[in-house]
Amino acid sequence: MLWYFRAIGTRKIIEFLLLIVFIVFFVSPLLNLVVLAFSGKWTYPDLLPHQWSLQWWKFVLQEDEIAKSIGLSFLIAALVTALSIVLCIPAAYAFARIRFPLSKVFLFSFLLTHAFPKMGLYVSIAVLFYKLGLMNTLLGVVLVHMINVLMFMTWIPTAAFRNVHSAQEESARDVGASPFRVFRSITLPMALPGIIVASVFTFLNSLDEAQGTFLVGIPDYRTMPIVMYSIIADFPGSAGAVFSIILTAPTIILLLAAQRFVSADVMSSGFQLK
Amino acid sequence: MLWYFRAIGTRKIIEFLLLIVFIVFFVSPLLNLVVLAFSGKWTYPDLLPHQWSLQWWKFVLQEDEIAKSIGLSFLIAALVTALSIVLCIPAAYAFARIRFPLSKVFLFSFLLTHAFPKMGLYVSIAVLFYKLGLMNTLLGVVLVHMINVLMFMTWIPTAAFRNVHSAQEESARDVGASPFRVFRSITLPMALPGIIVASVFTFLNSLDEAQGTFLVGIPDYRTMPIVMYSIIADFPGSAGAVFSIILTAPTIILLLAAQRFVSADVMSSGFQLK
Amino acid sequence: MSIQLSIRDLSKRYKTGEGVSGISLDVNKGELITLLGPSGCGKTTVLRSIGGFLEPDSGDILIEGRSVVKLPPEKRPTSMVFQGYNLWPHMTIFDNLAFGLKIRKMPKAEIRKAVEEVLNLVRLPGAEKKYPGQLSGGQQQRIAVARSLLLKPAVLLLDEPFSALDAKLRHEMREELREIQTETGLTMVFVTHDQEEALSLSDRIVVMNHGHIEQIAAPQDIYDAPETLYVAEFIGKMNFLKGGAQEDKLVMGRMEFPNAKRLSGEVVVAVRPEDIILEPGTRQEAGLPGTIKQMMILGHYAEVSVDLGDRGIIRAFQPRDKVKELHLGQSVNAAFTKVIAYSNN
Amino acid sequence: MSIQLSIRDLSKRYKTGEGVSGISLDVNKGELITLLGPSGCGKTTVLRSIGGFLEPDSGDILIEGRSVVKLPPEKRPTSMVFQGYNLWPHMTIFDNLAFGLKIRKMPKAEIRKAVEEVLNLVRLPGAEKKYPGQLSGGQQQRIAVARSLLLKPAVLLLDEPFSALDAKLRHEMREELREIQTETGLTMVFVTHDQEEALSLSDRIVVMNHGHIEQIAAPQDIYDAPETLYVAEFIGKMNFLKGGAQEDKLVMGRMEFPNAKRLSGEVVVAVRPEDIILEPGTRQEAGLPGTIKQMMILGHYAEVSVDLGDRGIIRAFQPRDKVKELHLGQSVNAAFTKVIAYSNN
């Protein structure tokens, strides 16, 4: 197969294909969405709307429930991120210092959390939460969100800590640093990029979580994605588009910020599996 | 930090913690679910039900809609898997033969597809599909499912193909094999474990997909997870538990089968990022 | 001796500017020739062109008198042993070895016999049922050599086959390869960046640099008479000093040497460390005065660094017994028994 | 000379059964001592115990007469250079070097001056603002040495610091380390598995095997008179043959040697390749008859393999000039100028 690809300049073809895929699957729907959100009147076969308008933005932002859901979503995401850091970072450090094949455990937990049917898991958790009185509570929603991110919040920082070799910690002690100073000046700064990437991921994942929130948090904890469903059901497409943009904006901002703060090199080295 | 962990035999502590986490988050809800599914009468403070019964199994399996949704889910999952293989395997082979830092691209597409809010993406896709007449069609549902798995379906086989060194292909040609024979006898068998893992993952992911299906496939394409929501809303918990088990069973069976077929070593080597 | 492999004016340029040009080389039947040079010198490009894995821009390659330059690798009467990853991990050693023979539709009984024989030749009898992953790196490379031997190639190509192995094993493998070559009489082209490996293995060495050939000669001749400054630097250890050429004499301080190459003006004088005689004191009439800066014992001989002041530091190999008479900081006289001069540009 | 470091009856056993026991060793001030042995022999265990990264089961470690065995690494007057990953990639070279001095609360101006001086010493002036990732492997190890030098340790510990570098650079770094040691007069303990490195660097070598010390001696003495069969096998190249001991004589074929160790019965006779004289023909009265099996040129000398029939194959180092008179398959006589005998068990 290689030989045929080679003949026609593989690299260019691939770059072109990647671009096409990227445009078809990500850019074009988003562009379409932006146009829709600012449209006033729009009849079908035309490529662009007749009238531009902010009417749906006003409508969405004036709805009380929507404003509340935005606040709630960010509160939950912040709580989930903070709790995950407290729980997972010490575990990640411990994992990093034990010799075991990380990639195997990673793969196993990856298959477990990702291939495992979430609906089945959420229902079983809901049943348990019902008994524990955690249904329709903030704690319940936060716990459900944490299940989604536990794996990444452990393995990405583990890989980051693993990149801090014990010789690097030991040579810091050797020149006179106490164990605490070593952690503060050497270990933590070196692993920080990986921890930040994992935290950003956790925050965004929590913002977007819908299935688990729906099962555990209804009726009081209606986050952005949950409210979205009712908007889509009750109002025209343009309102959905507006809300969609509000939901997507923090993601893009945070991703760009993380990208700036953490260079691609550091990010990928923080994600190496060994 | 290392020094404190060491003093109390880190490895044992970690293994114990892992076990606890596993039990709390996976085993105990599932056990609870199984008990619930087979329960007849159950009053709250008791640990086990008074009566065991298959009444909810009968109820669920006799419902016409449920049987239909199971068939539909498996049909869609099979279509998604087949189409993804046809699309992604050649791309994966091409990627594997270009020199570029795989882990960076992997990380980027990982962040893009996982941290990106799915609701936002789905809504924008739905808007596009509406124009293209793909709403409420099988093709539309299949396409939405494929967006979720495109990344894994490309990168896991890419890593697997990358483990087939070009020297291994070249030495096969050297001893007299034609390019086609090299692909059939050397490249494909060596990459097969990675391809199988990715396909199993794709199949399971499609079985479980709810958000995109809900937006694009309603009202005609009601898959298992969609039907699940109405069951949870309309019937007592036991019916949900039964359905949950039906949803989870194929996952566990497929995961075990894949685990058997593909040894842990091969799987993890198929997942190495370089 | 008949010519088994002939490369005629081979050129191949990559977009990066690297590559080879104007490579011509004849290899006799039964000869082991080494392509030697640093990474990027084009030695692998030549080898892969012979094997059919690269299409040269121009030039011809003849094996046993027939041009093979248009044939794909699977049709060429060559066989290649790569640096690593030669074997297929999903097949047993038997299947690895038999793969090429099965394609050639050899009867099963014959395959079985041939595999058994070749495993004896590479000293791994009974390894048929193992998988490559169960063998050490050295054993895997032996199997790779065995697979190539089975096909009875007209030319065996070896692309740094031992470079991933540790020093001791590499040494053993060289000896074994030499023995196999003596037994089978195969024509071999061996690529390496290790000058010691080239010196110890080859019938002839082809020293390459930046895509062209610097010198082709037997190991002894390359060592004794490197034609260019580049070869002198690359092969063995060498000291370089400045000197002057006057008609038929080379002059260095109080020493004079014949000026065989008829150079003139400033020249670079190259001296092998073993061609330096160190004598305590500075009374001697010939030789350069210096002080001993460092002494290191390297097995059965010692390396002595002598500071010659303005002329820099030279390294001399001395017998271990001799070193016992020397000490750090001592004034010594360094006389050269043999030098080679190169024009200074 | 005063004793700078004293190890007394040190023991440390791991659950795996590996470790060291009964290690006693005195290191003089200004001495460079090498712990030499294969991996798993316990040399790193000893070094890490001195540095404070391992707590020994029993025994004592004294530096300048004070026991340090209870101190954590940051309180010990030692400094260690690791095999790799010594530097902190998120800090500049200046910050890497200054980290220890800042902890010691040295004034800023002094730190700046000290860093500049030490960078000159390791031949990397002006590297302050670079990051470790911008330096080559050899430069990084130089910075690691510099960082240790800055702290003026009572004992500098080096854990195979050059093993990840390529052969040529390793050679250069050895010379530089030797020079730094001469200049600073530091006491150093160097760990390596490379016998050539140990021979060329050390004032004394400690040969270790399976957790105990086999021999402590100067490089020359270790090479000339290895005390045990293990040391004879490990240091330099050696041929081993069977021989017989009769009262004050060692007998091997037609050769006789004095029996200094008063052995009796069957013995193992060890001969260095350079102590073998090969003469064409078999007429000589002393020596063993054999045929030449292989000749390999290794730089300025050649290795000749001689098949002695029942006695096996021996390897002899011969001057390159001599080899020109020899050819494969030739009958030769191998005479030994010097042998060492070991009892056969």
Side-chain angles (χ1 to χ4, degrees), chain B residues 89 92-93 96-100 102 156-199 258-274, chain C residues 16 44 47-48 50-54 71-91 95-106 111 118 131-134 140-141 143-153 155-161 163-164:
Chain B
I89 298 301
Y93 186 77
R97 285 293 170 268
I98 305 173
R99 271 179 223 131
F100 68 98
L102 180 57
I156 296 182
T158 298
F161 279 126
R162 217 165 245 219
N163 276 347
V164 186
H165 291 261
S166 58
Q168 284 166 328
E169 295 185 328
E170 285 177 350
S171 47
R173 293 205 72 191
D174 197 59
V175 300
S178 63
F180 175 74
R181 174 116 193 210
V182 171
F183 189 78
R184 186 167 62 82
S185 300
I186 308 295
T187 316
L188 195 61
M190 279 180 70
L192 204 57
I195 295 171
I196 288 175
V197 167
S199 305
Q259 183 78 21
R260 253 177 208 220
F261 181 75
V262 183
S263 83
D265 265 331
V266 183
M267 278 164 85
S268 60
S269 78
F271 199 72
Q272 263 160 20
L273 308 175
K274 241 173 239 141
Chain C
T16 57
T44 302
L47 196 76
R48 291 177 67 84
I50 304 171
F53 298 106
L54 274 180
L71 298 177
E74 62 266 32
K75 305 272 184 201
R76 296 200 184 191
T78 57
S79 189
M80 188 139 158
V81 178
F82 295 85
Q83 198 168 352
Y85 301 108
N86 279 287
L87 305 185
W88 307 303
H90 62 299
M91 295 183 183
D95 289 334
N96 266 282
L97 292 171
F99 187 67
L101 302 178
K102 280 178 190 161
I103 290 173
R104 282 166 179 69
K105 306 219 189 308
M106 195 190 260
I111 294 181
V118 84
Y131 281 88
Q134 297 171 289
Q140 290 186 22
Q141 287 305 72
I143 297 294
V145 171
R147 187 179 59 197
S148 289
L149 294 177
L150 269 180
L151 305 175
K152 301 196 170 37
V155 182
L156 180 60
L157 309 171
L158 300 113
D159 185 8
E160 311 211 22
S163 63

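All chains are named by letter (A, B, ...) in the order of the sequence lines, taking the proteins before the strands, and each is independently numbered beginning at 1. These numbers come from the heavy atoms of this one structure, side chains and all, not from hydrogens, waters or symmetry mates. None of these values were measured; they are calculated from a predicted model.
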Heavy-atom nearest pair, B:Ile156 first then B:Gly194, reads CG2-O, 3.5 Å
Audit row: C:Leu151, C:Leu101, side-chain contact (heavy atoms from CB on, under 4.5 Å) steps and yes/no:
CA-CA 7 Å; C:Leu151 305 175; C:Leu101 302 178; 4.1 Å; yes
Can you pull out all donor-acceptor pairs below 3.5 Å that join chain B and chain C?
unit_1, atom_1, unit_2, atom_2, d
B:Gln168, N, C:Tyr85, O, 3.4
B:Gln168, O, C:Trp88, NE1, 2.8
B:Gln168, NE2, C:Leu87, O, 2.9
B:Glu170, OE1, C:Arg48, NH1, 3.0
B:Glu170, OE1, C:Arg48, NH2, 3.2
B:Glu170, OE2, C:Arg48, NH2, 2.5
B:Ser171, OG, C:Asn86, O, 3.1
B:Arg173, NE, C:Glu74, OE1, 3.0
B:Arg173, NH2, C:Glu74, OE1, 2.5
B:Arg173, NH2, C:Glu74, OE2, 2.7
B:Asp174, OD2, C:Ser79, OG, 3.1
B:Asp174, OD2, C:Met80, N, 2.5
B:Val175, O, C:Arg104, NH1, 2.6
B:Ser185, O, C:His90, NE2, 2.9

Might you point out which heavy atoms bring B:Pro157 and B:Ile195 nearest each other, and give the distance in Å?
CB-CG1, 4.1 Å
Which is it for C:Leu47 and C:Phe53 under the side-chain contact (heavy atoms from CB on, under 4.5 Å) test, yes or no, and what are the steps along the way?
CA-CA 9 Å; C:Leu47 196 76; C:Phe53 298 106; over 6 Å; no
Of all heavy-atom pairs between B:Ala191 and B:Val164, which one has the smallest distance, and what is that distance?
N-CG2, 4.4 Å
Relative to chain B, which of C:Pro89, C:Pro153, C:Gly84, C:Ala144 shows the most heavy atom pairs under 4.5 Å?
C:Pro89
Would you name the heavy atoms of C:Ile103 and B:Gly176 that are closest together and state the gap between them?
CG2-O, 3.5 Å
How long is the straight-line distance from OH of B:Tyr93 back to OG1 of B:Thr158, given to the nearest 0.5 Å?
12.0 Å
Could you look at C:Leu150 and say if it's the side chain, the backbone, both or neither that has a heavy atom under 4.5 Å from chain B?
neither
